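This one's a predicted model, so the numbers in the text were calculated from it and none came from an experiment. Numbered from 1 within each chain, the chains take letters A, B, ... in sequence-line order.
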There are 2 protein chains.
Amino acid sequence: MASKAVPAETQRAKLERKEGVILAAARAIFVDHGFDGARMQEIARRAGIGEGTIYSYYESKAELMLAVLEQFWDGLTREAEDVMVSVQATDFFGRLEALAAYHLAAVIRNSDFINLTFALRRNNSEVSVSRDHLRQYVAVFDELFLRGQDRGELRPDAILWQARDIFYGSLEYSARSIEMTIDAERIPREQGPVVDQMVALFRSHYGTGDSAVATGTAGLAGVETRLDQLTAQIETLNERLSGA
Amino acid sequence: MASKAVPAETQRAKLERKEGVILAAARAIFVDHGFDGARMQEIARRAGIGEGTIYSYYESKAELMLAVLEQFWDGLTREAEDVMVSVQATDFFGRLEALAAYHLAAVIRNSDFINLTFALRRNNSEVSVSRDHLRQYVAVFDELFLRGQDRGELRPDAILWQARDIFYGSLEYSARSIEMTIDAERIPREQGPVVDQMVALFRSHYGTGDSAVATGTAGLAGVETRLDQLTAQIETLNERLSGA
DNA sequence: TCCTTTAATGAGCTTGACTCGAAAATACCG
DNA sequence: CGGTATTTTCGAGTCAAGCTCATTAAAGGA
């Protein structure tokens with residue numbers, strides 16, 4: 001009977017909804033108090049359920065945290081994929097710039113979760129964010145890089161995992177440096193240079209000679225044009241500085 | 001009498017020795033079981049003292065951990081300084097290679113402590129390894145880099161903290177990648193390429209024209225890369241000026 | 001409506017960091 | 001040396017928080 005299927009579905013839906021409520025409550029409490037500081041009782045209270053009920057959904061506090069983190073990383077992955085879909089640039093370096101800008105901003109914005117991810121992984125050896133979730137996130141970079149190699153924009157002998165470590169490692173440390181900057185106002189302005197630097201690094205270290213040609217600024221003439229432009233800009237800057 | 005002065009000294013020495021015993025025991029237990037897994041009782045037993053005695057030396061478990069970590073980082077710093085003293089190479093890139101090789105090996109060898117350092121810093125916001133200790137460690141890189149700039153081996157417009165983040169960030173992620181490799185036998189062989197890559201990266205990205213010519217990556221592509229870098233720097237300057 | 005199955009609950013159990021009063025060791029003084 | 005003051009050590013006891021489980025409530029099915 002149809003009446004049979006419908007309750008069965010609504011029941012499951014109800015459970016899933018409750019699971020979502022628990023997850024949301026846990027997320028809020030974990031962000032506020034960190035892993036150790038979060039009290040299961042408070043999470044239960046916020047979710048509007050008894051403390052014991054949580055344990056019929058998640059084995060332990062650590063696994064609850066894990067679920068929160070995996071949900072978070074899935075969201076990050078989706079956003080990164082969206083960025084790669086919606087970015088206009090078609091060349092590797094333009095797309096890399098978009099990814100770097102997104103990643104850096106995301107790491108700074110969600111530093112709580114990033115930190116909790118690695119803190120848990122390091123502290124609690126039994127429970128850690130499944131490698132697949134992180135792998136899926138960095139897969140966005142991997143695909144971009146491999147495609148860049150296919151198109152001849154990147155050196156074919158470059159090793160993917162080394163490039164990946166340079167990309168994510170540098171950006172994570174940069175994010176930390178930027179966060180440490182006391183003057184919070186300046187933070188957004190520091191992100192640009194870091195991203196530019198990252199792109200320039202990949203260009204100089206992994207780029208092939210062709211890429212310059214491919215970007216349309218062909219040949220010696222293009223270089224001279226750009227030099228003229230830069231010279232003009234520097235003159236402008238000099239005037240400003242001497243005037244101020 | 002001399003017999004009077006001696007006990008006074010031996011007393012202090014005795015306390016310091018006991019402190020050292022506690023630290024050593026804690027270090028062993030923390031490495032074996034991680035921060036949460038370590039039991040104060042076990043540390044006390046290993047040190048051959050009562051549990052309460054620990055608390056007359058250290059305020060809390062977290063502070064005990066802190067003392068262990070600071071001792072560890074001081075050792076690392078000393079070793080890194082020794083490496084920079086004893087390395088034969090006089091040029092920047094040769095010395096950088098030595099530092100990178102040392103750091104990568106140290107991170108892999110002491111991954112427990114590295115992880116615990118950042119886990120504690122992230123998890124337990126009240127207690128974290130004093131920034132000075134870490135700063136002292138990276139000061140070895142800073143000094144090397146600044147000297148490279150003074151000697152004209154590195155671009156004078158390079159920004160120190162960005163270079164530092166690239167160096168340590170990339171190496172930490174690389175260390176993690178290497179550790180993840182299942183085949184433990186191959187690990188020593190992977191360290192070489194990573195170090196070489198790091199040096200090559202600094203050469204191509206931060207090296208001055210002289211060294212670029214030496215490595216043969218001169219030509220139109222190299223010029224365009226430098227143009228990109230200049231453009232990025234000018235943008236930064238523009239933003240700073242307009243913002244200020 | 002009654003029975004079976006599933007879900008929810010919170011009082012209590014367990015564990016481990018930390019406290020504290022007492023005892024042992026040490027230092028000080030006559 | 002003997003006695004007293006001070007310091008150091010100790011481990012049983014306290015407390016807090018994650019987790020369990022017997023009980024209760026709800027839902028499903030005939």
J.: For the pair B/E42 and B/R46, find out whether any cationic side-chain nitrogen is under 4.0 Å from an anionic carboxylate oxygen.
T.: no
J.: What is the distance, rounded to the nearest whole Å, between atom CG of B/D36 and atom C1' of D/dG18?
T.: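 About 12 Å, once rounded to whole Å.
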J.: Can A/K18 be said to sit on top of A/Y57's aromatic six-ring, NZ or CZ under 6.0 Å from centre and within 45° of the ring axis?
T.: no
J.: Taking only side-chain nitrogens and oxygens of A/K18, does any of them come within less than 4.0 Å of OP1 or OP2 of C/dA8?
T.: yes
J.: Output every pair passing side chain to side chain donor-acceptor pair (under 3.5 Å) with a member in residues 137-147 of chain A, not counting sequence neighbours, ordered by first then second residue.
T.: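 Applying side chain to side chain donor-acceptor pair (under 3.5 Å) to every pair that reaches into residues 137-147 of chain A, excluding sequence neighbours, yields A/H103-A/Y137, A/D142-A/R164.
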J.: Let me know the distance between CE of B/M40 and P of D/dG11, rounded to the nearest Å.
T.: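 After rounding, the gap between these two atoms is 15 Å.
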J.: Which whole-number value in Å describes the distance from A/F35 CZ to D/dG18 P?
T.: 8 Å
J.: Would you indicate, yes or no, if D/dA16 has its OP1 or OP2 atom less than 4.0 angstrom from a side-chain nitrogen or oxygen of A/R39?
T.: no
J.: Strictly below 4.0 Å, heavy-atom distances to any atom of DNA chain D: list the hits from residues 42-59 of chain A, or just say none.
T.: A/E51, A/Y55
J.: Have A/D165 and B/S177 got a donor and an acceptor in their side chains that come within less than 3.5 Å?
T.: yes
J.: Please lay out, stage by stage, how A/Q162 and B/S174 fare under the test side chain to side chain donor-acceptor pair (under 3.5 Å).
T.: CA-CA 7 Å; A/Q162 289 183 357; B/S174 295; over 6 Å; no
J.: Where do A/Y206 and A/A163 come nearest, in terms of heavy atoms and distance?
T.: OH-CA, 3.4 Å
J.: Expressed as a whole number of angstroms, how long is the span from A/E19:CD to C/dA7:C1'?
T.: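 Roughly 14 Å, once rounded to whole Å.
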